[in-house]
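Report on the following structure.
Everything quoted here is computed from the prediction, not taken from an experiment. Both backbone and side-chain heavy atoms feed into the values below; hydrogens, waters and symmetry mates do not. Throughout, a chain's letter reflects where its sequence line sits, starting with A, and its residues are numbered from 1.
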Amino acid sequence: MLDFIATPVGPVPRVATTASARDRWGTIGARIGLIRRNYKVVPGLYAVGSPDVLSPVLVTANYKLSFDALRHRLSGIAAWLLVVDTRGINVWCAAGKGVFSTEEVLQSVRDTRLGELVSHRDLILPQLAATGVSALAVKKGCGFRVFFGPVRAADLPAFLRQGKQGDEAMRTVTFTLAERAVLIPVELFLLAKPLLAILFLGFLVSGIGPSVFSPAAALHRGLVLLAATAGGIVGGAVLTPLLLPWLPGRQFWCKGLLAGLPVALLAWLLSAPRLGAAEQLALLLWTETVSSYLAMNFTGSTPFTSPSGVEYEMRRGLPMQIAAVCLTLALWLAAPFL
Amino acid sequence: MRGYRYIDKVTTLRVDRQRCVGCGNCTVVCPHRLFSLSAGQLALSDPDLCMECGACARNCPVEAITVSPGVGCAVAILTAWVNRLLGRKVLSGCC
């Protein structure tokens with residue numbers, strides 16, 4: 001925040017259009033997953049530049065990454081920012097969950113007395129908010145007319161220059177290599193807890209053998225299992241996002257199988273000399289299953305998977321994955337006795 | 001969104017051309033650009049590209065578009081299944 005602007009509706013904080021060191025660290029923290037769920041902005045009115053009664057009103061979510069994505073694209077522009085309380089969730093997810101809603105927009109317009117601040121009656125919302133916000137209902141509810149702006153804040157200056165008109169490119173979602181790669185850290189971070197649980201069980205299961213429980217076997221076989229799990233994670237949570245458009249097939253659990261295959265084969269080549277046939281098969285299966293499951297989970301991070309489609313593929317993929325886990329476990333438990 | 005296609009023939013998107021008044025709201029909000037107007041008539045191209053976000057139906061003034069909206073996320077669907085199985089009523093999702 002730079003300073004306060006005195007307005008008829010009280011002092012409004014003016015924010016910078018460039019990122020500070022703290023913003024950059026915050027972005028990294030949120031992208032890794034450390035502070036993802038609690039990276040919020042106080043809802044309400046903000047200003048960039050020196051806006052007046054004619055300046056545009058840009059509406060956004062109160063997730064700090066959304067707020068920053070918006071203000072950092074507005075250098076040289078004077079505008080009011082209306083931050084809606086979306087419980088710290090980004091624009092599209094909040095709209096899909098119904099927290100970036102018509103009611104929340106109406107509430108924000110009322111609470112901030114926006115009608116007394118500007119002389120016009122236009123609001124510019126991100127296009128992706130349209131999932132939760134009805135332009136008609138907003139107009140009916142508070143008299144402000146909603147213009148759906150571009151998908152990406154980067155296109156806002158051009159959108160404003162064109163008289164609040166968006167072109168096809170501005171209105172189309174994309175999922176470029178960079179947009180996919182930036183999601184990988186969070187995918188990995190979210191795995192930390194389930195991974196610990198799986199490893200604990202893995203070491204436990206690995207120790208069971210003819211001598212009831214062997215700590216040496218637990219360590220040796222447990223480490224092999226750890227490597228196989230890591231391979232599956234590389235396949236499902238790293239290679240699948242990176243290679244997504246080039247992996248053949250439509251269903252993500254199948255894409256995960258393909259992405260996991262090179263990793264599984266590599267792990268197999270490295271460990272095969274030291275393992276029996278049952279264990280080799282178990283490891284291949286396990287790496288593939290982890291990769292397939294994580295790839296399926298990646299549906300939630302993409303901008304093109306429909307809930308009907310995800311349900312369709314889960315009804316096919318999940319039974320296969322459960323069967324593969326059972327088979328892996330049986331092989332792994334049986335191996336010391338063979 | 002070139003290069004991406006998801007599963008065909010599963011979308012719940014339905015369009016009633018009789019009801020359409022040609023306002024063009026859906027042509028603005030669709031993130032996959034499935035709608036267009038020609039001579040005031042609604043045209044729907046390639047409905048299999050629909051991700052069921054629901055923006056079109058939400059902004060249609062005459063309910064000419066229907067879709068069962070939701071988030072295409074395996075974790076959310078799995079959580080819903082588990083909750084139903086256990087008889088829990090929790091509405092919290094993942095993201």
So which part of [X] gets closer than 4.5 Å to some heavy atom of chain B, the side chain, the backbone, both or neither?
X: A/Y312; result: side chain
X: A/W246; result: neither
X: A/Y63; result: neither

Any idea which of [options] has the most non-hydrogen atom pairs under 4.5 angstrom with chain B?
options: A/P307, A/S301, A/G132; answer: A/P307
options: A/A95, A/G96, A/S308, A/P303; answer: A/S308
options: A/T174, A/T302, A/T172; answer: A/T172
options: A/E311, A/E168, A/M314; answer: A/M314
options: A/T176, A/V146, A/L128, A/V133; answer: A/V133
options: A/T102, A/V173, A/L244; answer: A/V173

Assess the residue pair A/V310 and B/Y6 against the criterion (side chain to side chain contact (heavy atoms under 4.5 Å, CB included)); give the C-alpha distance rounded to whole Å, side-chain angles, the decisive distance to 0.1 Å, and a yes or no. CA-CA 9 Å; A/V310 175; B/Y6 199 41; 3.6 Å; yes

Side chains of B/P31 and A/F304 in contact at under 4.5 Å (non-hydrogen atoms): no

Side chains of B/V28 and A/R171, heavy atoms from C-beta outward: is any pair under 4.5 Å? yes

Using a 3.5 Å distance criterion without hydrogens, assess whether the side chain of [X] forms a donor-acceptor pair with backbone atoms of [Y].
X: A/Q251; Y: B/I7; value: no
X: A/Q127; Y: B/V29; value: yes
X: A/N297; Y: B/A74; value: no
X: A/T305; Y: B/G72; value: yes
X: B/N59; Y: A/L136; value: no
X: B/R58; Y: A/S134; value: no

So which part of [X] gets closer than 4.5 Å to some heavy atom of chain A, the side chain, the backbone, both or neither?
X: B/C30; result: backbone
X: B/C50; result: backbone
X: B/D8; result: both

So, using side chain to side chain donor-acceptor pair (under 3.5 Å) as the criterion, who are the partners of B/R84 when residues are at least two apart? none

Using residues 36-47 of chain B as the side-chain source, report each donor-acceptor pair under 3.5 Å to any protein atom, sequence neighbours left out, with the distance given to one decimal.
from  : atom 1 : to    : atom 2 : distance (Å)
B/S45 : OG     : B/L34 : O      : 3.4
B/D46 : OD1    : B/R5  : NH2    : 3.0
B/D46 : OD2    : B/R5  : NH1    : 2.9

From the list B/T11, B/V10, B/T27, the residue making the most non-hydrogen contacts under 4.5 Å with chain A is B/V10

For atom CE of A/M170, is the number of surrounding heavy atoms from other residues, nucleotides or ligands below 6.0 Å larger than 12? yes

What do the steps show when you test A/F148 against B/N25 for side chain to side chain contact (heavy atoms under 4.5 Å, CB included), and what is the final call? CA-CA 10 Å; A/F148 286 111; B/N25 284 352; over 6 Å; no

Evaluate the ring planes of A/F175 and B/Y4, with Trp represented by its six-membered ring, and classify them as parallel (under 30°), tilted (30 to 60°) or perpendicular (over 60°). tilted

